[in-house]
Amino acid sequence: MIIAANLKTNLTREKTLKYINEVESFLRKNSISQEVFVFPATSSLNPHVGAVVVGAQNAYPTINGAFTGEIGYEQLEEFGIKTILIGHSERRHVLGETQEELVKKFNFYKELGFKIIYCVGEPLEIREAGFESMMEYISAQYEGIDTSYENLIVAYEPVWAIGTGLTPTNADIVAIHAELKKKSSAPLLYGGSVKVTNAKEVLALDGVEGILVGSAALYAEHFCTMCEYASVLNK
């Protein structure tokens, strides 16, 4: 099981450091050994060595250069970051990143050996068009991506469920994960309004190999509880 927290544009550097240390302490105290990732805001990145793997929410495909407002590999290397989130729905739908741009980013960080959590998913209007249309839409998000990359993790996140409190039915999650697993043998996570009250149930579903959690992970104690759920199911 893989548990990942995307902290988005939340928590200061001081609060993030406290958060990561709290999660680290919990994992060690409870001998929880599955993969746990935390993706802080860029300004809150800090070097960290331990059970918690700290990753970047985003980076430009460059070592360094004249890219105002971006960070590149040189900045990530300073913090020992070797894990990155690519293709999150907010990067696609809010900030307008195209598939071409995501492929460039993917290939750049793949060549550097990064662990990549690559996100795919659909907005509400596509979902309402039917399962076949939905799968065609999601399949296009795999174009140009090396689905056999050894350090790849895929996260399915229904865009319409993120931050809304809505989730697909358990049967829908199982069906979609079964289809997506045909595209890549990489571990497949579920993301989309996962919270402490439903995480245990979601983690137990066939084809779900972990969760990517957004706002519900902002409380360290809640995220720790989700890690504990995963640990129990892992045994």
Side-chain angles (χ1 to χ4, degrees), residues 2-24 27 35-120 141-155 157 184 186-187 189 191 210 212-215 217-218 220 223:
I2 298 168
I3 311 296
N6 178 13
L7 303 182
K8 306 188 181 184
T9 312
N10 295 292
L11 304 185
T12 61
R13 176 183 292 272
E14 181 182 358
K15 289 179 179 177
T16 300
L17 183 60
K18 180 180 178 183
Y19 178 100
I20 291 173
N21 287 339
E22 188 174 333
V23 176
E24 180 73 34
L27 297 180
E35 289 183 280
V36 175
F37 297 94
V38 174
F39 294 89
T42 300
S43 62
S44 298
L45 290 175
N46 270 307
H48 179 80
V49 177
V52 175
V53 176
V54 176
Q57 294 177 18
N58 177 57
Y60 200 77
T62 186
I63 301 295
N64 53 38
F67 304 101
T68 302
E70 296 283 353
I71 62 169
Y73 175 64
E74 188 175 83
Q75 288 75 40
L76 298 182
E77 186 179 35
E78 181 180 14
F79 295 111
I81 303 294
K82 292 288 288 184
T83 302
I84 190 169
L85 202 60
I86 293 178
H88 190 278
S89 63
E90 288 155 9
R91 300 296 309 179
R92 294 178 188 271
H93 298 284
V94 178
L95 297 167
E97 287 192 352
T98 65
Q99 185 65 19
E100 182 181 17
E101 289 170 325
L102 294 172
V103 168
K104 287 180 181 177
K105 193 173 291 187
F106 184 98
N107 288 336
F108 183 84
Y109 286 100
K110 170 195 163 185
E111 289 303 312
L112 291 168
F114 270 54
K115 178 85 73 173
I116 297 173
I117 296 186
Y118 182 72
C119 303
V120 299
Q141 296 173 350
Y142 281 82
E143 291 178 4
I145 299 299
D146 181 1
T147 56
S148 62
Y149 176 47
E150 61 181 0
N151 285 325
L152 172 64
I153 298 169
V154 177
E157 43 168 25
S184 175
L189 316 184
L212 173 60
V213 190
S215 59
L218 291 178
F223 186 60

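Position 1 is the first residue of the sequence; numbering continues from there.
Under the 4.5 Å side-chain criterion, counting only non-hydrogen atoms from C-beta, Asp146 is not in contact with Leu152. Residues Ile63 and Phe108 have side chains in contact (heavy-atom distance under 4.5 Å, counting atoms from C-beta outward). Between Lys110 and Ile116 there is a side-chain heavy-atom pair separated by less than 4.5 Å. Side chains of Val54 and Phe79 form no contact here, defined as non-hydrogen atoms less than 4.5 Å apart. Using a 4.5 Å heavy-atom cutoff, the side chains of Ser44 and Leu11 are not in contact. Leu76 is listed as a side-chain neighbour of Tyr109, based on a closest heavy-atom distance under 4.5 Å.
We find the CD-NZ distance between Glu14 and Lys18 to be 8.5 Å, quoted to the nearest 0.5 Å. To the nearest 0.5 Å, atom CD1 of residue Ile86 and atom NZ of residue Lys104 are 14.0 Å apart. If you take CG on Leu212 and CZ on Phe37, they are separated by 11.0 Å, rounding to the nearest 0.5 Å. Residue His48 holds its NE2 atom at 12.5 Å from OG1 of Thr16, rounded to the nearest 0.5 Å. Annotation: the span from Lys82 atom NZ to Lys115 atom NZ amounts to 12.0 Å, rounded to 0.5 Å. Between the CD1 atom in Ile117 and the CD1 atom in Ile2 there is a gap of 7.0 Å [rounded to 0.5 Å].
Counted by atom type alone, His88 and Glu157 present one or more donor-acceptor pairs between their side chains at under 3.5 Å.
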